[in-house]
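A quick note: this is a predicted structure, and the numbers were derived from the prediction, not measured. Along the sequence shown, the residues carry numbers beginning at 1.
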Amino acid sequence: PIGIGMLTNYLCPGFVKKMLPVTPVIGVVSTCLLVASAVAQVAEPILNAGMALQLPLLALHLIGGLVGYGLPAVMGFDEVSCRTMAIETSMKSSAFGFLLAKLHL
């Protein structure tokens, strides 16, 4: 995906510039759908695990979002970049974590 994005930006910069305002929304929605689909497949065990699973998951996303915002802010990134990194960090960690768990556990 990164290579395709770079190539598209190189070959069609006008198109990329027009798409930039909506790409964060597309990324968040697609991640939500990906996670919702994966979680739906194992909804019963998740619900049965109760708070022993829910609290660490909540902490994972909160910490991911806070670090994803705070670290770039300390490094001098602008507000929009900090928000974007926070969203990407907190949202993608769930998809990646679930994929690893499903593949290896």
Next item on the list: Mind jotting down which residue pairs meet the side chain to side chain donor-acceptor pair (under 3.5 Å) criterion with at least one end in residues 48-60? Sequence neighbours excluded, please.
Entry: none
Identify every side-chain donor-acceptor pair in residues 64-76 under 3.5 Å, counting partners at least two apart or on other chains, and give the distances.
{"residue": "Y69", "atom": "OH", "partner": "E79", "partner atom": "OE1", "Å": "2.7"}
{"residue": "Y69", "atom": "OH", "partner": "E79", "partner atom": "OE2", "Å": "3.1"}

Checklist line | Residues that E44 engages under side-chain hydrogen bond (donor to acceptor under 3.5 Å, both in side chains), provided they are two or more places apart | finding: none
Notebook entry, point to check: How does the hydrophobic cluster around Y10 look, that is, which other residues are in it when side-chain heavy atoms under 4.5 Å mark a link?
Noted result: L7, L11
Checklist line | Flag side-chain contact, heavy atom, 4.5 Å: V28 against C32 | finding: yes
Notebook entry, point to check: Taking the hydrophobic residues Ile, Leu, Val, Met, Phe, Trp and Tyr, and joining any pair whose side-chain heavy atoms are under 4.5 Å apart, which ones share a cluster with L62?
Noted result: L58
Margin query: Run the side-chain hydrogen bond (donor to acceptor under 3.5 Å, both in side chains) test against D78 and tell me which residues pass, sequence neighbours left out.
Written below: S81
Note to self: Using modelled atom types and a 3.5 Å cut-off, is there a donor and acceptor pairing between side-chain atoms of T8 and backbone atoms of I4?
What the structure shows: yes
Item checked: Qualifying side chain to side chain donor-acceptor pair (under 3.5 Å) pairs, either residue in residues 11-23, two or more places apart -> none
Next item on the list: Just jot down the side-chain contact (heavy atoms from CB on, under 4.5 Å) partners of V25, sequence neighbours excluded, or say none.
Entry: V29
Next item on the list: Output the rest of the hydrophobic cluster of I2: all Ile, Leu, Val, Met, Phe, Trp and Tyr residues reachable through side-chain heavy-atom contacts under 4.5 Å, sorted by chain and number.
Entry: M6
Item checked: Approximate separation, where rounding is to 0.5 Å, of L60 CG and T89 OG1 -> 11.0 Å
